[in-house]
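Below, chains carry the letters A, B, ... as their sequence lines are ordered, and counting in each starts from 1. Basis for what follows: all heavy atoms, side chains included, without hydrogens, waters or symmetry-related copies.
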Amino acid sequence: MASVLGWASAALVLVGAFFFLAGTVGLLRFPDVYNRLHALTKADNVGLGFVVLGLILQAGSLLSAFKILLIWLLVLASGATAAHLVATAALRGGIKPWKHR
Amino acid sequence: MGLIGSNWLVVPIVLPLATATLAMLVGRRSAPYLGLLTASGILLSVAAIGLTVLEEGTIRYQLGGWEAPLGINLYADGLAVFMLLMTAIVGAAVSAYAVGYFTSRQDESGRVAGDSGDRSGSFWVLWMFLWASLNGLFLSADAFNLYVTLEIMGLSAAGLVTLERRQSALSSGMRYLFVTLLGSLAYLMGVALLYGALGALDLATLGELMYPGAATWSALALITLGMALKTGLFPLHFWMPAAYSNAISPASALLAGLVGKASFYLLLRLWFDVFDGGLGPGPGQVLGLLGAAAIVWGAVMAVRQRRLKRLLAYSSVSQIGYLFVLFSLATTASWGFDAWSGGVYHAFSHACAKAAMFMSAGAIVRSVGHDDLDRMQGVGQQMPLAVAGFALGGVTLMGLPPTGGFTAKWLLVSASLESGQWWIAVVLLAGGVLAALYVLRFLNPALIQVKVGPVARPATQNLEVTAFVLAFGSFFLALLSAPLLALLRIGTPFASVLLVGTP
Amino acid sequence: MLSLFFDAVLALALPLLAWRVLTTRDLYRAVILFIAFGLLVALSWARLDAPDIALAEAAIGAGLTGALFLNTVGGLVGRKRSPSRESDESREVAERREAIQSSPGEPVDEVMRPWWVRLALTVPILALGLALGWAVVSFPEPAIDLAQQASDNLEASGVDHGVTAVLLNFRSYDTLLEIGVLLLAVVAVWSLDLGRVRGGQAALSKGLPVLHGLVRLLTPIMIIVGGYLLWAGAKQPGGAFQAGAVLGALGVLLVLSGLVRPPLSDGSGLRIGLAVGFAVFLGIGTAVMLATGELLNYPPASTYGLIIIIELFLTVSIALTLAALFVTAPPRKEQGSKEHSEEKGEES
Amino acid sequence: MSPVTFYLLSSVGIFVVCLYGLIVHAHLIRKILALNMMGSAVFLLLTGVARRGELTDPVPHAMVLTGIVVAVSATAFALAVARRLYEECGRAYLPEEDPEDLSEEREG
């Protein structure tokens with residue numbers, strides 16, 4: 001039982017890490033600020049979600065599981081807000097969204 | 001030692017801290033009175049501490065009731081009390097001076113009034129923190145606690161420099177802040193290395209455990225560099241002339257008189273109590289050489305200045321050299337105590353004299369509206385007290401009897417002759433001659449009699465009087481040398497020398 | 001094995017990151033890298049079993065300090081400033097500033113000492129690095145074990161957490177002076193009488209409902225977290241500093257998002273709030289002298305209670321100070337009194 | 001080599017890199033950044049030292065906590081001076097040599 005949980009948790013964390021990797025690649029390779037934001041927030045939120053899910057499986061008590069979950073929710077909220085602020089500032093600053101030609 | 005007896009020790013630290021807090025709350029109007037009250041309280045407590053130490057020997061005080069390696073101790077020996085006394089005297093004089101300084105500024109015109117009121121409030125809070133940190137530094141027996149006092153000292157001193165908002169004052173204040181922060185960080189790195197190597201922070205414990213090794217040598221180097229930078233030892237004095245000359249005069253007096261001495265004291269304390277005389281003869285020789293170079297370089301530069309306050313600032317570069325000469329002379333040989341006490345005595349007399357001279361200069365600049373040395377003709381007629389104060393301080397710098405500077409030089413010169421390093425004696429005496437030159441650089445034009453009509457000038461009587469009184473005190477400091485030297489003997493690191501020397 | 005590799009990478013990354021911070025041309029980028037540096041330092045402290053200071057570093061060292069830097073860089077370069085100070089500066093200065101600001105955009109910095117200075121510096125600096133490296137590698141087993149002594153005396157300290165015991169009992173004098181430093185810093189910053197550079201932020205954030213929503217959501221959470229950290233400090237990592245840092249960050253957030261107007265330096269409520277921690281600490285430390293004969297030596301029976309009281313007030317003052325260092329707008333002479341009356345109510 | 005040694009060496013690395021940067025750069029922000037990171041280097045050394053024994057030593061932790069608070073105070077003041085300097089004269093650099101100030105209006 002313990003080892004099944006352990007494997008599942010490891011797998012989930014690995015999936016999360018893959019999303020982080022993808023998000024990082026997107027941050028480096030995408031053409032403009034809006035695309036990069038997309039890569040960052042979406043991939044990282046999902047990635048962190050998987051990592052959190054994996055860690056919850058390892059959590060000793062319900063309370064710590066709840067705390068870990070809370071971290072994810074807070075990151076979701078602040079990440080979304082930060083992305084919104086950056087995008088707004090970029091639009092106001094006159095940066096035009098990139099269009100594929 | 002009774003309950004009250006040892007508790008005097010915390011008064012010079014706690015009292016100004018309380019005043020600073022109160023001064024921040026009550027605002028500018030009552031701050032000067034609080035400051036003066038505090039000054040008298042500190043004088044009283046320092047006198048009580050001094051008497052206790054003279055009668056009963058060194059005091060160790062366990063803060064929070066915890067013993068040394070775990071807790072923080074305060075420790076008062078002769079040297080610490082000597083520095084406390086120096087700070088109390090100069091501090092009280094500057095406090096009195098500041099009351100007059102900020103009041104007369106307010107009278108000047110409506111425009112500056114509100115501004116200087118703010119500045120006066122900030123001055124008192126900063127100065128009270130500075131005073132608490134100085135007293136705390138002299139009394140602390142804990143390496144990390146010394147760091148905290150150093151930082152309070154640096155921040156409040158830099159804050160005092162930037163009270164003057166001219167561009168030059170701001171940039172020299174900025175540079176001073178960098179220097180003082182870097183010095184503190186170098187010190188802290190040294191403390192961290194000592195903790196890594198020896199596992200303690202209490203100075204006495206560190207001294208017992210000291211061994212020469214990679215970590216302790218590095219710690220010595222970092223601490224020495226940091227403190228030399230903060231004290232302004234040649235060639236690390238680059239920040240000093242600007243910082244001292246661009247600040248408002250009460251701040252210049254405090255910086256040149258006291259703040260530089262505190263970092264010197266810290267080096268002295270660690271050098272002899274922790275590092276066992278610098279872990280060998282080599283480092284002391286280096287510091288002595290730099291000190292000798294500072295004496296000559298600073299004095300030559302001072303002679304070449306065209307501005308009164310810059311002249312004084314360069315004179316400080318030179319006078320700090322005298323302090324560092326002691327590191328090459330103070331060994332366990334028979335002349336060790338003479339050299340050590342000579343250097344420390346010089347710190348005292350220079351603190352009083354230089355503070356008094358900056359205070360005089362401040363009054364003069366305030367009155368004549370500039371500090372151009374070439375246009376000082378007739379100042380002696382207009383402001384006899386200020387010029388007299390300046391002259392008395394100048395005589396102390398030259399080291400003529402009966403000044404405190406004479407006692408200090410006498411001790412240093414005799415130690416250098418006894419040790420066979422006669423070239424140090426030559427430098428010391430040459431420094432005195434050069435000091436005469438730069439002091440005359442101001443006195444010559446100032447004493448010229450000129451015919452000028454009565455000019456409307458800001459009232460500076462209060463300033464002149466306080467400056468003169470302090471200079472007068474430093475002038476006769478040699479008369480007190482017997483009790484002061486007796487005080488310095490208590491708990492000195494040269495106790496073994498003294499036993500040999502005095503049967 | 002894996003953890004050793006992780007430590008090695010982290011330890012290697014820190015100096016490299018520091019190097020990047022100091023060599024990146026763009027100052028904004030340098031500050032962002034600095035924040036990353038602070039977070040990595042916090043991570044390495046977490047690795048070194050120091051959760052207390054990891055928390056403090058993440059909140060104060062990286063977070064608040066980083067925000068301070070960003071704010072200053074923003075104030076220095078790029079933005080045209082309000083002409084509040086124009087009256088009392090010479091024309092020449094204004095022109096010089098114009099010349100500098102004529103190329104807004106990236107705040108860049110390339111001013112360095114000449115190459116020969118840099119070359120000459122490398123020798124002593126490398127020597128220092130080698131000496132220090134040798135020193136830390138060859139640390140002997142120390143003769144004194146303060147860790148043991150601290151844990152032996154933990155019983156008598158009134159609290160169950162080592163770091164809190166050191167901070168508020170064994171070495172409480174250091175902590176007292178350190179709170180003094182905070183107070184001193186605020187006074188020193190105020191004495192500079194800075195212009196109102198940050199006024200723009202509140203206006204900027206108008207019409208950003210998302211941000212306001214987030215801040216409204218975070219406010220109760222951060223208050224709970226701060227209270228929890230304070231309460232937990234007696235037994236486990238946490239305490240007045242961490243709690244104060246969290247609450248201070250909340251203050252900064254509230255002001256920057258425009259939900260609360262920046263407090264004025266001469267508001268007496270603010271002044272009392274800033275000083276109360278230091279005053280209570282000093283007062284209790286002095287008062288116990290009557291009972292036990294030494295400064296800061298708490299009577300054994302009431303040690304825990306006194307420490308909690310001190311920590312409570314410290315938290316208030318630390319939070320206010322950190323926020324004040326960041327957002328206090330000193331009053332301009334002319335308009336001071338008017339705004340003062342206006343904002344009296346915000347103070348609570 | 002234990003992981004603690006890595007961190008000790010890392011702290012030395014940060015210290016010297018930042019010392020070099022502090023001296024070499026003229027921009028005020030850069031200097032303040034360097035000083036701040038030098039502080040972190042010392043704190044890292046202390047934290048490493050705290051970790052080497054059987055018990056984790058709380059004394060260096062308390063010292064670091066004190067140091068962090070002192071560092072943020074110093075940084076805030078330094079940044080304020082830098083900004084004030086900029087407001088006053090429009091540059092964020094220190095002059096190489098301090099020019100002898102010959103202006104007339106001194107001491108108010």
Within the 4.5 Å heavy-atom criterion, are [X] and [Y] side-chain neighbours or not?
X      : Y     : value
D/S40  : C/E57 : yes
C/V41  : C/L14 : yes
C/P15  : D/S10 : yes
D/L44  : C/S44 : yes
C/R118 : D/I23 : no

Top contributor to chain C contacts, counting heavy-atom pairs under 4.5 Å, from [options]:
options                    : result
D/C18, D/A74, D/P58        : D/P58
D/V59, D/T56, D/V16, D/T66 : D/T66
D/I32, D/N36, D/L65        : D/L65

Going through the checks in order, is the side chain to side chain contact (heavy atoms under 4.5 Å, CB included) test met by C/F139 and C/V136?
-> CA-CA 5 Å; C/F139 273 153; C/V136 300; 4.2 Å; yes
Option in [options] with maximal non-hydrogen atom pairs under 4.5 Å from chain D:
options                       : result
C/A188, C/G244, C/A56, C/A150 : C/A188
C/L16, C/V21, C/L12           : C/V21
C/D145, C/L17, C/D174, C/L182 : C/L182
C/V31, C/T175, C/T65, C/I318  : C/T65
C/P142, C/A13, C/G38          : C/P142
C/F241, C/F69, C/F37          : C/F69

Heavy-atom distances under 4.5 Å only: say whether [X] touches chain C with side chain, backbone, both or neither.
X     : result
D/V12 : side chain
D/V49 : side chain
D/A71 : neither
D/F43 : both
D/L45 : side chain

Residue [X] versus chain D: region with a heavy atom under 4.5 Å:
X      : result
C/V117 : neither
C/F34  : side chain
C/R171 : side chain
C/Q148 : both
C/S151 : side chain
C/A8   : both
C/F170 : neither

Measuring from [X]:[atom1] to [Y]:[atom2], what's the distance to the nearest 0.5 Å?
X      : Y      : atom1 : atom2 : value
D/S73  : D/I68  : OG    : CD1   : 11.5 Å
C/L154 : C/Q149 : CG    : CD    : 13.5 Å
C/L192 : D/L79  : CG    : CG    : 11.5 Å

Could you tell me which non-hydrogen atom of D/M63 sits nearest to which non-hydrogen atom of D/L46, and how far apart they are?
-> CE-CD2, 3.7 Å
Step through the shown structure and confirm whether more than 12 heavy atoms of other residues, nucleotides or ligands are within 6.0 Å of CZ on C/R20.
-> no
Verdict with supporting geometry, C/L10 and D/Y7, side chain to side chain contact (heavy atoms under 4.5 Å, CB included) = CA-CA 8 Å; C/L10 188 53; D/Y7 288 109; 3.4 Å; yes
Would you kindly check if the NZ (Lys) or CZ (Arg) of C/R47 is within the cone defined by 45 degrees around the ring axis of C/F6 and under 6.0 Å from the six-membered ring centre?
-> no
